[in-house]
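Inspection log for the structure reproduced underneath, given as structure tokens.
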Amino acid sequence: MRPEIRTIRGYALLEVSSALQKAIRRGNAKLAGYWAMELFESGYAPYLWRRLLTISAEDCWGVITHEIEALYRAWTIIHKQKAGKGRIFAAKAVILLSMAKKCRDAD
């Protein structure tokens with residue numbers, strides 16, 4: 001049995017990921033932001049971006065994925081210059097996803 005991956009505050013990684021997606025689905029930007037920053041500060045920023053892109057495709061209506069992809073590209077530029085920086089881009093992505101009209105048709 002593989003050991004469970006934990007975040008910096010001791011949360012199970014997969015539970016944080018699930019809580020993030022549920023908070024976005026419910027439009028709770030504050031809670032979603034908490035979970036996103038938990039992943040970001042725990043060193044899981046690339047994983048966070050994969051989840052945000054997936055959530056944009058699975059749960060949101062319209063072309064929001066393009067917006068999230070643009071924020072990801074901006075984060076990548078900043079991250080290359082100074083690792084660990086650029087969380088503002090992830091925060092904005094979470095807010096946009098939380099506010100977006102929801103649609104599960106693609107899923």
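Worth saying up front: this structure is predicted, and the values here are computed from it rather than measured.
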Subject >> CD-OH distance between Glu38 and Tyr44, expressed to the nearest 0.5 angstrom >> reply: 10.0 Å
Test item: [X] and [Y] side chains (from C-beta on) under 4.5 Å apart, heavy atoms:
| X | Y | result |
| --- | --- | --- |
| Leu14 | Ile5 | no |
| Leu20 | Leu48 | yes |
| Ile55 | Ile68 | no |
| Leu13 | Leu39 | yes |

Looking at [X] and [Y], what are the two nearest heavy atoms and their distance?
| X | Y | answer |
| --- | --- | --- |
| Ile64 | Ser56 | CG2-O, 3.8 Å |
| Phe40 | Arg87 | CE2-CB, 3.3 Å |
| Arg25 | Asp59 | NE-OD1, 3.0 Å |
| Ala12 | Arg6 | N-NH1, 3.4 Å |

For a quick test of your reading: what N or O donor-acceptor pairs under 3.5 Å do the side chains of residues 27-37 make, sequence neighbours left out?
from: Asn28; atom 1: OD1; to: Lys30; atom 2: N; distance (Å): 3.4
from: Asn28; atom 1: OD1; to: Leu31; atom 2: N; distance (Å): 3.0
from: Tyr34; atom 1: OH; to: Tyr11; atom 2: OH; distance (Å): 3.1

Original post:
Can you name the side-chain hydrogen bond (donor to acceptor under 3.5 Å, both in side chains) partners of Ser17, sequence neighbours left out?
Top reply: Tyr47, Arg51
Original post:
Just by distance, do the side chain of Ser98 and the backbone of Val94 share a donor-acceptor pair under 3.5 Å?
Top reply: yes
**OP:** Please answer whether the main-chain N or O of Ala100 pairs with a side-chain N or O of Lys102 as donor and acceptor at a distance below 3.5 Å.
**Re:** yes
Subject >> More than 12 heavy atoms of other groups within 6.0 Å of Glu41 CD >> reply: yes
Original post:
Is the closest basic N to carboxylate O distance between Lys92 and Glu67 below 4.0 Å?
Top reply: no
**OP:** Treat each ILVMFWY residue as a node, draw an edge where side-chain heavy atoms are under 4.5 Å apart, and state whether Leu71 and Leu53 are in one component.
**Re:** yes
Original post:
Do you reckon Ile88 sits in the same ILVMFWY cluster as Leu96, going by side-chain contacts under 4.5 Å, direct or chained?
Top reply: yes
Ignoring hydrogens and angles, write down the donor-acceptor pairs under 3.5 Å from the side chains of residues 76-83, residues two or more places apart or on other chains.
from: Thr76; atom 1: OG1; to: Tyr72; atom 2: O; distance (Å): 2.9
from: His79; atom 1: ND1; to: Gly84; atom 2: N; distance (Å): 3.3

**OP:** Give the ring-plane orientation class for Trp49 versus Trp75, where under 30° counts as parallel, over 60° as perpendicular and anything between as tilted.
**Re:** tilted
